[in-house]
Amino acid sequence: MRNIWTIAKREYKLYFMSPVAYVVAFLFLIWIGRIFYLNIKDALQQSLYQPYVPTATVSIGPMILILVFTMPALTMRLLAEEQRSGTIELLLTAPVRDWDVVVGKWLGAFLFMLTLLAITWIYPIVLNMMSSPGIDQGLLISGYLGVILLTASLLAVGVAISSLFNNQVVAFFVGLGVALVLILVQPASTGAVGTWSDIVSYLNYLDHFNNFYQGVIDLKDVMYYLSVTALGLFAGSVFVESRRWR
Amino acid sequence: MKRDWSRYAPVGLIIAGIAAFIAVCVYIIVPKWSIWLQLSLISMVVGLVAYVALVPGQVRQAIKGRQVRYGFNTLLMSLAFLGSLVVVNYLVFYNAKMNPKQTRWDLTEDKSNTLASETLDALSKLPDVVHAQAFYTPRTDSSTTQQLLGNYAKNSKGKFVYEFINPDQKLTLATQAGITADGQIVLTMGDRKELVSVVSEQELTSALVKLISNQKQNVYFLQDEGESDPNGTSNDSMSHVRDTMESKNYAVKTLKLAVEASIPQDANIIIIAGPKQPVSQTSVDRLAKFLDSGGSLIVMEGPDMLLSKGASLTDPLADYLSKSWGITLGNDVVITLEANQLTLEAKAGAYGNHVITQKMGAYTPIFPGARSVTTAASAPAGLTLTEIVLTTPNYANCFPACSWATTDIAGLLAAANGKGSVPSQSAADVQGPVPIAAVGENSTTKGRVVVFGSSGFASDEYQTLGNQDLLVNAIDWSAKQEQLINLTPKATKQRSFTSSVMKYSNVTSNLIFLGSVILLPGAVIFAGVVAWVIRRRRG
């Protein structure tokens with residue numbers, strides 16, 4: 001556990017020295033900020049005719065699309081760069097398990113994203129100050145929980161993809177492709193009866209986020225995203241471990 | 001010289017690869033165990049067998065090799081891990097389906113994602129699977145309905161299933177289901193059906209309760225004086241209404257009151273749909289007793305008799321309704337002026353505040369021949385009277401349409417016979433909007449009356465525009481079905497911007513722009529530049 005934490009701390013600090021991370025953070029915040037501003041402007045106009053305040057999820061919804069692009073950008077160098085520069089061999093001969101390396105790198109990226117998400121709390125705080133009697137805090141908590149779980153799972157997938165390649169750019173584009181498939185390709189989940197329909201509905205990646213977005217925490221949605229995270233990290237450690245005998 | 005066949009081994013692999021690709025493509029195109037799929041798979045196996053047969057030594061070495069061993073171990077480990085995840089997810093999913101209360105938490109303040117206890121109770125009592133078909137075109141927003149139906153399904157333990165159907169693409173299915181507008185839901189349980197026109201938890205749960213209810217209401221259509229026949233086949237029959245009522249668990253029967261000694265004991269509602277002759281006084285007396293014992297009566301009487309008999313018409317039923325219920329069928333005929341055309345077809349322009357018409361907002365029923373139906377200014381004791389359907393108003397310039405009810409019946413008849421023009425408006429006429437339907441409810445006897453000033457508006461000829469929906473709603477109200485369920489109302493918090501924000505809305509908007517688009521992202525760039533400078537200084 002200590003190894004994981006050591007690697008995570010190192011990776012977290014490295015992000016603050018990396019220009020890519022600042023660019024990602026800038027684009028993330030300007031995207032969310034612009035949409036927040038447009039929503040508030042629109043709401044102020046509507047409020048002239050009837051009481052209307054955007055919900056607490058005004059800043060959460062836009063995050064999903066921008067996460068699709070930020071995740072591959074943050075994870076592309078995690079293992080691909082190590083493999084390209086040859087430092088992966090040094091790392092693997094150190095007294096750390098492959099699992100420690102993968103999870104540690106993921107955790108570093110996850111902590112960086114948590115920092116970024118913490119900054120975005122300014123928007124619901126401002127909205128709460130502007131409205132009476134304040135925003136629905138339950139909706140805010142469930143929405144952010146959903147985003148955090150989604151982020152964790154996308155990062156794990158990104159780490160797994162990064163472990164496959166020596167080239168960061170290739171890792172970025174493959175990661176972007178996979179993220180787009182997960183977010184945009186949604187099998188029909190109409191609620192029709194049948195085992196196959198249940199399976200297809202359950203595998204719908206974004207469907208599980210909808211409950212969080214609407215203020216509901218469902219155990220199966222939490223389990224789904226934790227499972228995707230675990231699967232991504234497991235796949236990453238398998239790919240790293242396979243280097244020893246490939 | 002011994003031929004070296006081993007150099008053809010890669011061909012076997014290539015054949016196997018191509019055959020596998022073809023098998024996948026064939027299955028995607030025709031997802032069946034077809035002959036082509038079988039041939040592709042056989043070819044794949046043959047290719048692999050050929051490869052193994054031609055280079056057995058290489059294959060043996062590969063299988064025993066380090067990579068294959070480690071790879072196989074990794075594959076087993078991966079399958080085991082994946083299997084564990086599948087099992088855990090299945091257990092959580094199954095538990096969530098069976099015990100949604102214990103695995104699902106609605107954090108919203110007004111519990112907007114939580115169904116009312118009455119709804120959960122109804123869902124738990126479903127004796128059979130209820131299939132909900134939601135008919136929505138892409139033009140109508142279905143997100144709220146999807147969420148609502150999803151909640152019903154989650155809390156039903158598999159007894160409530162739903163699907164969305166685009167009526168543009170499946171017109172026949174929509175017609176069979178009785179859909180008359182976009183955004184309606186049909187609930188089906190066995191051979192019983194309920195239509196939900198306005199989608200809300202209240203309406204859906206009411207429809208569920210009606211489906212569950214075993215209580216059969218008996219509706220009798222009077223057949224004494226040439227009234228519309230629910231079992232007929234002509235355009236002025238009401239077979240479609242009959243089918244709809246039977247699917248809602250009503251028993252539809254006919255009654256010849258002039259022949260039978262009394263009204264059947266099991267009658268809940270009597271419908272008089274367009275009598276060609278006045279109902280006899282004897283029948284009216286029996287109907288009065290029926291109403292006094294808590295029964296319900298629906299009268300659909302247009303100006304047909306008035307036009308055929310004129311001033312000599314004696315109508316005991318109309319007299320009874322006027323004297324005992326304060327509901328008066330006017331001796332007039334509604335005229336509508338639309339696009340410079342005069343017509344005797346009235347259109348609904350407004351609705352009164354009543355449960356029969358509260359769901360009719362999207363519809364504009366047409367009444368082929370109508371007369372006024374007015375309520376007494378001061379209702380008789382114990383009665384609640386409401387005018388529920390009114391025609392279009394009498395605008396000065398008659399746009400989009402205007403209407404009034406002419407009392408000059410003789411003039412109208414003369415115009416119909418080509419002896420003069422349609423009487424123009426006069427002070428004696430009933431000015432638009434003309435009430436053409438009214439209801440009365442007796443709080444003491446619980447008797448209910450619905451009077452329409454039009455005879456054939458719900459016949460088989462008029463199956464759209466809400467005509468039959470209006471009559472079905474009236475029958476449901478007459479059957480006292482609207483109070484089956486009253487959901488505990490949810491306290492919804494109304495949110496608004498503070499007064500200071502509204503007072504300085506422009507400044508607020510600009511401040512938001514400054515902070516969220518410029519300062520915050522700008523701070524990130526600044527931090528990045530500072531980090532870069534520090535790194536450079538450190539070398």
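Remember, it's a predicted structure, so these values are computed and weren't measured experimentally. Chain A is the first sequence line, chain B the second, and so forth, proteins listed ahead of strands; every chain is numbered from 1.
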Which atoms of B:Gln147 are under 4.5 Å from chain A, going by heavy atoms: the side chain, the backbone, both sets, or neither? side chain
Given B:Arg495 and A:Asp136, is the side chain to side chain contact (heavy atoms under 4.5 Å, CB included) satisfied, shown in steps? CA-CA 10 Å; B:Arg495 289 183 163 83; A:Asp136 187 337; 3.9 Å; yes
Considering only heavy atoms, which portion of B:Trp105 lies under 4.5 Å from any heavy atom of chain A: side chain, backbone, both, or neither? both
So which of B:Phe513, B:Phe81, B:Phe93 has the largest heavy-atom pair count under 4.5 angstrom toward chain A? B:Phe81
Starting at CG of A:Leu226, measure out to CG of B:Leu85 and round the result to the nearest 0.5 Å. 10.0 Å
Student check: side-chain heavy atoms of B:Glu109 and A:Leu139 closer than 4.5 Å: no
If every non-hydrogen atom of B:Ser505 is compared with every non-hydrogen atom of A:Leu44, which pair is closest and at what distance? O-CD1, 3.7 Å
Residues pairing under salt bridge (Lys or Arg N to Asp or Glu O under 4.0 Å) where one sits in residues 24-43 of chain A, two or more places apart or in two chains, turn out to be none
Scanning both residues in full, the closest heavy-atom pair of B:Ser516 with A:Tyr37 reads OG-CB, 3.9 Å
Value for CG (B:Leu91) from NZ (A:Lys220), rounded to nearest 0.5 Å, stands at 15.0 Å
Between A:Ala25, A:Gly138, A:Pro19, A:Ala56, who has the most heavy-atom pairs with chain B when the cutoff is under 4.5 Å? A:Gly138
Under the criterion side chain to side chain contact (heavy atoms under 4.5 Å, CB included), I'd like the reasoning laid out for A:Val53 against B:Phe497: C-alpha separation, chi angles, the key distance, then a yes or no. CA-CA 6 Å; A:Val53 175; B:Phe497 286 115; 4.3 Å; yes
With a cut-off of 3.5 Å and sequence neighbours excluded, list every side-chain donor-acceptor pair involving residues 232-240 of chain A.
unit_1   : atom_1 : unit_2   : atom_2 : d
A:Ser237 : OG     : A:Leu233 : O      : 3.4
A:Ser237 : OG     : A:Phe234 : O      : 2.9

Those residues of residues 111-125 of chain A, ordered by number, that approach chain B below 4.5 Å (heavy atom to heavy atom): A:Ile119, A:Ile122, A:Tyr123
Quick one: does A:Phe36's side chain get under 4.5 Å of B:Ile512's, heavy atoms only? yes
One option among B:Thr108, B:Val88, B:Val501, B:Val529 has the most heavy-atom pairs under 4.5 Å with chain A, and it is B:Thr108
So, do A:Met129 and B:Thr498 sit near enough that their side-chain heavy atoms are less than 4.5 Å apart? no
Under 4.5 Å from any heavy atom of chain A, what part of B:Ala527 do you find: side chain, backbone, both or neither? both
Rounded to the nearest 0.5 angstrom, the CG-CG distance for B:Leu519 and A:Leu29 is 12.0 Å
Please check if the side chain of B:Asp106 supplies one atom and the backbone of A:Val216 the other of a donor-acceptor pair under 3.5 Å. no
Rounded distance (nearest 0.5 Å) linking atom CG of B:Asn95 with atom CE of A:Met223: 11.0 Å
Answer with side chain, backbone, both or neither: which region of A:Phe26 has an atom nearer than 4.5 Å to a non-hydrogen atom of chain B? both
For A:Ser227, enumerate each residue passing the side-chain hydrogen bond (donor to acceptor under 3.5 Å, both in side chains) test, keeping only those at least two apart in sequence or located in another chain. B:Asn89
Sort out for me which residue in A:Ile217, A:Leu219, A:Asn211 forms a side chain to side chain contact (heavy atoms under 4.5 Å, CB included) with B:Arg104. A:Asn211
What I'd like to find out is whether the side chain of B:Thr74 reaches to under 4.5 Å of the side chain of A:Glu241, using heavy atoms alone. yes
Please look at A:Ala43 and chain B and tell me whether the side chain, the backbone, both or neither of the residue comes under 4.5 angstrom of a heavy atom of that chain. both
